[in-house]
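Lettering of chains follows the sequences in order, A, B, ..., and the numbering in each one begins at 1.
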Number of protein chains: 2
Amino acid sequence: MTAPHTLEPLDQAIVRELAEDGRRSYTDLAERVGLSVSAVHQRVRRLEQRGVIRGYTTRLDTESIGLPLTAFVSLTPIDPAAPDDYPQRLSHISAIEACYSVAGDESYILLVRVASPAGLEDLLRQVREAAKVSTRTTVVLSTPYEGRPPAL
Amino acid sequence: MTAPHTLEPLDQAIVRELAEDGRRSYTDLAERVGLSVSAVHQRVRRLEQRGVIRGYTTRLDTESIGLPLTAFVSLTPIDPAAPDDYPQRLSHISAIEACYSVAGDESYILLVRVASPAGLEDLLRQVREAAKVSTRTTVVLSTPYEGRPPAL
DNA sequence: GATGAAAAATACAGATA
DNA sequence: TATCTGTATTTTTCATC
């Protein structure tokens, strides 16, 4: 087989630690998983190259960075026969944090972060302009939790 | 005012760099934002303490870690008068990556990651058991992009 | 913002299985 | 052949000035 869908226990342990704290040092990781620093280093490099680790990010407080308003925007193509290149057509809009292609009534769900209701209105206009879609918006009132590490 | 909702340009620059790559070194950051290493170091510490930086994570390939199936699960309380402690009641379920309280027909939207349709079925059972809610599930077919850094 | 000691990252040679 | 360990060197972190 070419792509086993389960991770070796040691890689699993490393990845679990890094998911919890993306800035954990190799020394720290080595202690936690019971390997030498070099071995951990090599494994992380390999995990990065294999694409298991896709990158490292910083969790930011959306209020502090001036984007306190989060919303889900569902898209329905106006012309069902139109070419399906919506993600591309929308990718330049930086307020869109994520784009999911979904099964169900709608075709896509966008996760967006904006500064204000006016910003949301502006975003929706941009979306409708860039892609010929109708939109349905669900405003997020609060976020009890987000970005929790997966259970491995 | 106690909490300015916009970030100082230098902090903004630092945060932008860290959002793009959470493992960027202080030396690297210093070069990019045009400050001394110590100044950057101090600022990052302060941003962490102030809660602007909430932590660091690793973006993982969901397939590689054995959780290839993503879904949105919307919750509607069965008893509208019941105490609203759903996030707490569900927080022990590790397949739930995020929980959003939303305006609209439903009360909450969960983002979940599971191994298979059977895992999804199991998760929905767990959710309905832990909270007296009805659920509506939208399966994610593909993820064109996710976790893009915010525009600062 | 600079300095310097301590810690960490990285490259590499050799051991191991 | 793969991955490990230990060592040496460079780079980074971090407290102090």
*Asks:* Whom does C:dT16 pair with, Watson-Crick or G-U wobble, provided both distances fall under 3.5 Å?
*Replies:* none
*Asks:* Below the 4.0 Å mark, does C:dA9 have OP1 or OP2 next to a side-chain nitrogen or oxygen of B:R23?
*Replies:* yes
*Asks:* Any Lys/Arg nitrogen of A:R125 or A:E129 sitting under 4.0 Å from an Asp/Glu carboxylate oxygen of the other?
*Replies:* yes
*Asks:* Drop me the distance from A:E31's CD to A:S25's OG, to the nearest 0.5 angstrom.
*Replies:* 8.0 Å
*Asks:* Have a look at B:Q42 and say if it touches a base, only the backbone sugar-phosphate, or nothing, with a 4.0 Å heavy-atom cut-off.
*Replies:* base
*Asks:* Measure OH/A:Y26 against P/D:dT13 and give the value in whole Å, please.
*Replies:* 12 Å
*Asks:* Just checking A:S25: base, sugar-phosphate only, or nothing, at a heavy-atom cut-off of under 4.0 Å?
*Replies:* sugar-phosphate
*Asks:* With a 4.0 Å cut-off, would you call B:R43 and B:E17 a salt bridge?
*Replies:* no
*Asks:* Just the rounded figure in Å: distance from P of C:dA8 to CG of A:D28.
*Replies:* 8 Å
*Asks:* Would you mind reading off the distance between A:R43 atom CZ and D:dC4 atom C1', rounded to a whole angstrom?
*Replies:* 9 Å
*Asks:* CG of A:L29 versus C1' of C:dT10: gap in Å, rounded?
*Replies:* 15 Å
*Asks:* Write down the distance between CD (B:E31) and P (D:dT13), rounded to a whole number of angstrom.
*Replies:* 12 Å
*Asks:* Any Lys/Arg nitrogen of B:R50 or B:D11 sitting under 4.0 Å from an Asp/Glu carboxylate oxygen of the other?
*Replies:* yes
*Asks:* Base, sugar-phosphate, or nothing for A:S38, non-hydrogen atoms under 4.0 angstrom?
*Replies:* base
*Asks:* Report the distance from atom CG of A:L35 to atom C1' of C:dA15, rounded to the nearest whole Å.
*Replies:* 16 Å
*Asks:* Is B:A39 touching bases, backbone alone, or none of the nucleic acid, heavy atoms closer than 4.0 Å?
*Replies:* sugar-phosphate
*Asks:* Would you please confirm or rule out a distance under 4.0 Å between OP1 or OP2 of D:dT13 and any side-chain N or O of B:H41?
*Replies:* no
*Asks:* Quick one: CG on B:L111 to CD1 on B:I96, what's the gap to the nearest 0.5 Å?
*Replies:* 10.0 Å
*Asks:* Considering only D:dA15, D:dT12, D:dC4, which nucleotide approaches the side chain of B:R45 most closely?
*Replies:* D:dA15
*Asks:* In terms of base orientation, is C:dA2 syn or anti, with the syn window spanning 90° either side of 0?
*Replies:* anti
*Asks:* Which nucleotide sits closest to the side chain of B:T27: C:dA2, D:dT12, D:dT3?
*Replies:* D:dT12
*Asks:* Hey, does the side chain of A:R24 come within less than 4.0 Å of C:dA8's phosphate (OP1/OP2), counting only N and O?
*Replies:* no
*Asks:* Can you identify which nucleotide, out of D:dT13, C:dA2, C:dT10, has its nearest atom closest to the B:V37 side chain?
*Replies:* D:dT13
